[in-house]
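Encoded as structure tokens, the structure appears first; notes follow it.
Keep in mind it's a predicted model, so treat the numbers as computed, not measured. Every chain is numbered from 1 and lettered A, B, ... according to where its sequence line falls, protein lines coming before strand lines.
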Protein chains: 2
Amino acid sequence: MSDDLAARLREQGLRLTPQRELILRAVEDLGHATPDEVLAQVRSQVSSVNASTVYRTLEVLEELGLVRHTHLSDRAPTYHSNREHEHVHAVCRRCRAVTSYEPEVVAPVVERLAADGFAVDVGHLAIFGVCGDCAAKDVGSAT
Amino acid sequence: MSDDLAARLREQGLRLTPQRELILRAVEDLGHATPDEVLAQVRSQVSSVNASTVYRTLEVLEELGLVRHTHLSDRAPTYHSNREHEHVHAVCRRCRAVTSYEPEVVAPVVERLAADGFAVDVGHLAIFGVCGDCAAKDVGSAT
DNA sequence: TTGGATGCAAAGGGTTTGCAAAAGG
DNA sequence: CCTTTTGCAAACCCTTTGCATCCAA
């Protein structure tokens, strides 16, 4: 896996640095994390890394196809390793809970848009709404 | 329509102000617009309105159910009138082109999540990917 | 050796906030 | 009148950039 990093960097004429290894590792360990969280993780692990290096590195890693990002809030994006199975996120606007779904859930949509030549980026998809629990709590409250 | 505004504001014990009328009108006229574009539109129309008033007002209008927003880029959100038919957006990551689709396109997904008690906010949905035109252009280019 | 990578600090875009003045009902 | 709104300016969060230094290859 880290071999992937070395290999892919080389292919692009880019360099393997400790920071890049640490940042990729942090994303893999954290599962889902914002640039800020990645920075904190890396710093807790070892050396002192700069925030701008994290931003630049996440961009490189995404170009190399090793990580992906999606927007689960109106704030910072969330990065995750591309080694995870591709999945779709459902985000509750009330309680912020995030549920992962198999890509099959959106297959009909993907096929429909594919008919128009549009290739959906499933892993980037974030579906917002209100989860069952929160809807239940709303029954009694004023609108 | 503006009657909606007056009525809904009153219901909530809020006040009808020229700024609120102008901002709602601007969103309706622009179709899809960022807070910045709304501000520019309002200023071109009449008085001098402040940016923070635009932010605060868009928030109020959204709570009143008169406007909605979605994220069509990594930058500022896009607001549109709730009088438009509900639709889903497909955004090409390469050329930034935005295509609107009928809600039916995502009906299977909505139903699937509804089975879990999750109510999808269809109007907020932005589906990212690569459109047919851009994919065609890619055929000859290096990865 | 040498171009790519990093750290630092400053700048930048977008949004929020505190507060006093203005104004709707 | 009294409470909501507004404008203003400062603060904020997140991200990007310029530049000198550093270091992987």
Side-chain angles (χ1 to χ4, degrees), chain A residues 2-3 5-27 32-43 45-64 66-67 69-79, chain B residues 2-3 5-24 26-27 32-43 45-64 66-67 69-79 96:
Chain A
S2 284
D3 300 325
L5 177 57
R8 304 221 194 182
L9 285 169
R10 221 172 293 126
E11 284 174 23
Q12 307 298 316
L14 302 178
R15 295 175 182 174
L16 180 62
T17 67
Q19 288 88 337
R20 285 176 174 170
E21 293 184 296
L22 288 165
I23 290 167
L24 175 55
R25 170 73 71 89
V27 172
H32 287 74
T34 62
D36 219 55
E37 293 165 340
V38 170
L39 178 60
Q41 171 79 354
V42 172
R43 283 186 168 158
Q45 299 280 328
V46 203
S47 57
S48 76
V49 175
N50 194 273
S52 46
T53 299
V54 171
Y55 284 108
R56 289 190 279 228
T57 299
L58 287 173
E59 192 178 347
V60 169
L61 294 178
E62 188 151 31
E63 282 165 6
L64 295 180
L66 297 172
V67 305
H69 84 273
T70 185
H71 300 274
L72 303 184
S73 78
D74 286 349
R75 303 243 162 203
T78 301
Y79 287 80
Chain B
S2 283
D3 299 326
L5 177 57
R8 305 221 194 183
L9 284 169
R10 221 172 293 127
E11 284 174 24
Q12 307 298 317
L14 301 179
R15 294 174 182 173
L16 179 62
T17 67
Q19 287 90 335
R20 285 175 173 170
E21 293 184 298
L22 287 165
I23 290 167
L24 175 55
V27 172
H32 287 73
T34 61
D36 219 56
E37 292 164 342
V38 171
L39 178 60
Q41 171 79 353
V42 171
R43 284 188 168 156
Q45 299 282 327
V46 201
S47 58
S48 77
V49 174
N50 195 273
S52 46
T53 298
V54 171
Y55 284 108
R56 289 189 279 228
T57 299
L58 287 173
E59 193 179 348
V60 168
L61 294 178
E62 188 151 31
E63 282 164 7
L64 296 179
L66 296 173
V67 306
H69 84 272
T70 185
H71 299 274
L72 303 184
S73 78
D74 285 349
R75 303 246 162 200
T78 301
Y79 286 81
R96 295 279 121 199

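- If you find the closest nucleotide of DNA chain C to B:Thr17 and to B:Pro77, the one lying nearer the 5' end belongs to B:Pro77.
- Taking 3.5 Å as the limit, the base of D:dT3 and the side chain of B:Arg15 contain a donor-acceptor pair of atoms between them.
- Checking D:dC14, D:dT6, C:dT16 against every side-chain atom of B:Thr53, the shortest atom distance belongs to D:dT6.
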Which atoms of nucleotides 11-13 of chain C (N or O only) lie under 3.5 Å from a protein N or O atom, and what are those distances?
unit_1, atom_1, unit_2, atom_2, d
C:dG13, O3', B:Arg75, NH1, 3.4

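- Checked against D:dT15, C:dT15, D:dA24, the side chain of A:Pro35 finds its nearest nucleotide in D:dT15.
- Counting to the nearest Å, the P atom of C:dT16 and the CG atom of B:Leu58 are 10 Å from each other.
- Here C:dG14 is the nucleotide among D:dA25, D:dT5, C:dG14 with the atom lying nearest to any side-chain atom of B:Ala76.
- When the nucleotides C:dG24, D:dT16, C:dT16 are ranked by their closest atom to the side chain of B:Tyr55, C:dT16 comes out on top.
- A:Arg56 comes within 4.0 angstrom of a base, heavy atoms only.
- The listed nucleotides are C:dT6, D:dG7, C:dC8; the one nearest the side chain of A:Arg20 is C:dT6.
- Across all strands shown, B:Thr34 has no heavy atoms under 4.0 Å from either base or sugar-phosphate atoms.
- Residue A:Ile23 contributes atom CD1, which lies 8 Å from atom P of C:dG7 at whole-angstrom precision.
- In this structure a side-chain-to-backbone donor-acceptor pair under 3.5 Å is missing from A:Gln19 to A:Thr53.
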